[in-house]
Student: 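The structure follows.
Indexing begins at 1, ligand by ligand and atom by atom, following the structure's order.
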Amino acid sequence: MAVRPILEYPHVALRQKAKKVRKIDKSILSLADDLIDTLYEAGGVGLAANQIGVLRRVIVIHIPDEVEPRIYVNPEITHREGERDVEEGCLSVPGYHAIVTRSIWVKAKGLDRQSKLIRLRAEDLLAQALEHEIDHLNGILYLDHLESHQDLIPNEHPAAEVAEVGA
Ligand SMILES: [Zn+2]
């Protein structure tokens, strides 16, 4: 287990599509552990493997009220419903946040660390985090959902702001 450096925009790994995991072996479990350690150290809500330079489809999410971090391998959004505007930031784009249009709720699926298929219906922060992190696996950043990078808002207090909304 290790805290890994988080790559920052415009690093090329953030623009590449991560590859599907065929088998959840020791290296994937170790990757998931590193993602969790790195996420906790950074104080964000979620992290995708691309953000530490590993192009495999693995994400972790930690919702503040939940005890355990969530790990999803090969996650996919299977259904989206509605639109809402939410405040969002990204650990790979430090110092900024913006208002992004996301779904009101989503259905998603993915494998857990025991290779068991998990299906879930998510709303609020979890839905937003799933959309944000799965975007990362496809080389998409939240900036891409803005009409212009001029819509980025500088954080007045970067550390506090990123801890609140960073993913
Ligand atoms: Zn992000």
Side-chain angles (χ1 to χ4, degrees), residues 2-21 28 31-66 69-77 80 83-106 108 110 120 122-167:
V3 173
R4 310 266 288 262
I6 296 177
L7 304 179
E8 294 182 3
Y9 177 82
H11 196 288
V12 67
L14 299 171
R15 289 310 195 181
Q16 290 172 318
K17 204 169 168 181
K19 289 199 181 83
K20 194 168 179 178
V21 172
I28 295 297
L31 167 62
D33 286 338
D34 285 357
L35 286 168
I36 290 167
D37 288 351
T38 306
L39 177 64
Y40 281 4
E41 173 78 13
V45 171
L47 198 64
N50 304 48
Q51 291 178 276
I52 59 168
V54 181
L55 296 176
R56 309 304 302 274
R57 301 186 81 82
V58 181
I59 63 171
V60 298
I61 292 173
H62 182 237
I63 302 296
D65 291 344
E66 296 181 350
R70 294 163 176 267
I71 298 166
Y72 298 112
V73 177
N74 299 334
E76 287 175 45
I77 303 283
R80 300 174 195 269
E83 284 188 349
R84 62 187 174 128
D85 289 339
V86 287
E87 191 178 324
E88 193 160 313
C90 178
L91 293 171
S92 294
V93 190
Y96 294 90
H97 64 282
I99 304 300
V100 181
T101 303
R102 293 288 187 193
S103 306
I104 293 173
W105 61 270
V106 300
L120 70 157
E123 53 192 11
D124 299 325
L125 184 58
L126 180 57
Q128 181 184 357
L130 283 164
E131 288 192 304
H132 181 110
E133 302 311 332
I134 293 171
D135 269 356
H136 271 303
L137 299 181
N138 294 322
I140 296 167
L141 298 171
Y142 81 96
L143 317 174
D144 304 336
H145 298 298
L146 304 176
E147 280 188 28
S148 152
H149 287 185
Q150 288 177 343
D151 294 336
L152 286 169
I153 306 160
N155 294 340
E156 282 178 10
H157 305 286
E161 202 67 47
V162 169
E164 198 177 316
V165 299

Student: The Zn ion (ligand 1): which protein N, O or S atoms are under 2.8 Å away?
Tutor: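 Listed by chain and number, the nearby protein N, O or S atoms are C90 SG, H132 NE2, H136 NE2, A167 O.
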Student: Tell me yes or no: between the side chains of T101 and E83, is some donor less than 3.5 Å from an acceptor?
Tutor: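 Distance-only check fails for T101 and E83.
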Student: If I compare all heavy atoms of H62 with all of E66, which pair ends up nearest, and what's the gap?
Tutor: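 Of all heavy-atom pairs spanning H62 and E66, the closest is NE2-O, 3.0 Å.
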Student: Looking at I99, is its backbone amide N or carbonyl O close enough to the side chain of D151 to form a donor-acceptor pair, meaning the two atoms are under 3.5 Å apart?
Tutor: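 Absent.
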Student: Can you name the closest pair of heavy atoms from L14 and E8 and give their distance?
Tutor: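 Looks like CD1-C, 3.5 Å.
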Student: Would you check if the side chain of R57 reaches a backbone N or O of A18 as a donor-acceptor pair within less than 3.5 Å?
Tutor: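 A pair under 3.5 Å: yes.
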Student: Is the backbone N or O of A2 less than 3.5 Å from a side-chain atom of D37, with the two atoms forming a donor-acceptor pair by type?
Tutor: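 It does hold such a pair.
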